[in-house]
Amino acid sequence: MAESADAREELLRGIHVIDGGLASELEYLGARIDGPLWSAHVLEDEPEKVSAVHRAYIQAGSQCIATCSYQVSRMGYAEIDLPPERADGALLRSVALARSVVAEFPGCRVLVAGSLGPYGAALHNGAEYHGNYNCSYADLVRFHSERIAVLASATGPQAPDLLAPDLLAFETFPSLEEVRAVGEALAPWPMMSAWFSFSCRDDKHVSHGERVRDCASLVAALPQTVAIGVNCVPPRWLPSLIAELSTASSKPVLVYPNSGEVWDAEARCWTGTTDPADFGEMAAGWFAAGAQIVGGCCRTRPAHIREVVRAATQL
């Protein structure tokens, strides 16, 4: 991890393309992700599939991959009667797994982002898309502090580099209150670097209802923040969201939307189609609008990322 303000500013220099959907790609490989821990079940039971997804995205041109830890938490593990401390080990294993795949590509610079989902992800009821939690602010701080502390323990001269991510990726955050709680949880760890990415209800507001620009302004003030963005949103919202993020701060803007397919909550399936070439054309527009880092979320695949790489070569 970056250990100074100057190093943090340099961390993402030259990084334009991140990876695509992890959980949905695991499904394409035959993994089951319908349990309470979602993709973390695969991390526990079939880690070779996680490695295969990381490998495919690096081969497609990703310059940063996110660990399979979005839904890993002590609270989530305790719910299915696993020792809460086992979640700590899973966090570190997710980093080690990503690091081992990166090592297969010695000629490439590939960052490892430690994926940390919101409190709502651990509830596995879709709450990350509205942020109306039945918990206190102190609960939020404690939830995030537990996971941050584990990854912070892998950082520093006495810790093995294999277990330390280059930065933390706080993903799909729905509300101003929750990112404020993360800021408090991060305060003891000024040497860490992080990006913040929000889920949204439309092209100007995060899922809970606050303005995207207000959320971005709050996290931009945190010394650990290296980039601010949105993820798991429809591609059509991105021109407006990029403008909102660019207005709020001078931090690099990152966007990783869904494929363009639509989730049918009643039928519990995706509808519509997606074309990687079309996604790449849209990515060129996102770069032109001010996004500096682009990738994909649900239902995007290595083919989509190859098209984003193509768009990035025109920068």
Side-chain angles (χ1 to χ4, degrees), residues 11-22 24 57 60-66 70 111 113 115 117-118 128-129 167-174 179 194-207 211-217 219-220 225-262 274-276 278-315:
L11 182 64
L12 295 179
R13 189 174 299 279
I15 299 296
H16 298 296
V17 183
I18 59 176
D19 56 4
L22 174 60
S24 54
Y57 280 124
S62 297
Q63 299 163 298
C64 178
I65 58 173
Y70 177 84
L111 300 180
S115 173
E128 64 266 50
Y129 299 107
L167 72 161
L168 304 180
F170 293 103
E171 305 184 283
T172 331
F173 274 63
V179 291
W195 82 47
F196 286 83
S197 185
F198 300 98
S199 68
C200 297
R201 63 165 54 174
D202 56 34
D203 65 356
K204 288 185 172 57
H205 300 87
V206 298
S207 294
R211 291 287 295 247
V212 168
R213 65 174 62 185
D214 293 336
C215 295
S217 295
V219 298
T225 301
V226 295
I228 307 171
V230 293
N231 74 288
C232 211
V233 297
R236 68 181 184 276
W237 292 351
L238 286 188
S240 175
L241 288 169
I242 291 168
E244 291 288 314
L245 293 165
S246 299
T247 298
S249 86
S250 60
K251 298 288 183 182
V253 171
L254 78 153
V255 295
Y256 45 120
N258 295 333
S259 67
E261 296 165 87
V262 177
T274 177
D275 184 330
D278 290 345
F279 193 87
E281 288 183 15
M282 289 188 289
W286 304 331
F287 282 124
Q292 290 160 267
I293 305 167
V294 175
C297 200
C298 297
R299 305 287 285 185
T300 58
R301 305 193 64 188
H304 294 80
I305 297 306
R306 280 192 289 271
E307 295 299 328
V308 175
V309 171
R310 194 189 308 275
T313 60
Q314 307 303 313
L315 296 179

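Predicted model, so just to flag it, every value in this text is computed and none were measured.
Of all heavy-atom pairs spanning A60 and P302, the tightest one is CB-O, 3.5 Å. In this structure, D203 and E244 approach most closely via the heavy-atom pair O-CG, 4.2 Å. Closest approach of S62 and I65 over heavy atoms only: CB-CG2, 4.4 Å. V219 and I228 make their closest contact through CG2-CD1, 3.7 Å (heavy atoms, listed as atom of the first residue, atom of the second, distance). Taking every heavy atom of both residues into account, C232 and N258 meet most closely at CA-OD1, 3.3 Å. Scanning all heavy atoms of the two residues, the minimum distance from F198 to V233 falls at O-CG1, 4.4 Å.
Ring planes of F196 and F173: perpendicular class, angle over 60° (limits at 30 and 60°).
The closest donor-acceptor contact from the side chain of S246 to the backbone of G290 lies at 3.5 Å or more, if one exists at all. Under the 3.5 Å distance criterion, the side-chain polar atoms of Q63 are matched with a main-chain donor or acceptor of H16. Although no hydrogens or angles enter the test, the distance criterion places a donor-acceptor pair under 3.5 Å between the side chain of T300 and the main chain of G21. Here the side chain of S115 pairs no donor or acceptor atom with the backbone of A66 at under 3.5 angstrom. In terms of modelled atom types and a separation under 3.5 Å, the side chain of S249 and the main chain of A220 share no donor-acceptor contact.
Summarising the geometry, atom NE2 belonging to H205 is positioned 8.5 Å from atom CG belonging to D214; distances are rounded to the nearest 0.5 Å. Remark: L167 CG to L11 CG distance equals 5.5 Å, nearest 0.5 Å. Atom CZ in R213 sits 5.0 Å away from atom OG1 in T247 (nearest 0.5 Å). Atom CG of L111 and atom CG of D19 lie 11.0 Å apart (nearest 0.5 Å). Separation of atoms CZ (R299) and OG1 (T274) is listed at 9.0 Å; rounding is to 0.5 Å. For the atom pair CZ of R301 and OH of Y57, the computed distance is 7.5 Å after rounding to the nearest 0.5 Å.
Residues I18 and W195 meet the side-chain proximity criterion, which asks for heavy atoms closer than 4.5 Å. Side-chain contact between S240 and K204 is present, with at least one heavy-atom pair separated by less than 4.5 Å. Contact annotation: the side chain of Y70 approaches that of T172 to within less than 4.5 Å [non-hydrogen atoms, C-beta and beyond]. Looking at V308 and F287, their side chains come closer than 4.5 Å, going by heavy atoms from C-beta outward.
The ring-ring contact (aromatic ring centres under 6.0 Å, His included) search around F279 returns W286, H304, not counting sequence neighbours.
Put simply, the residue from V206, V212, D202 that forms a side chain to side chain contact (heavy atoms under 4.5 Å, CB included) with L241 is V212.
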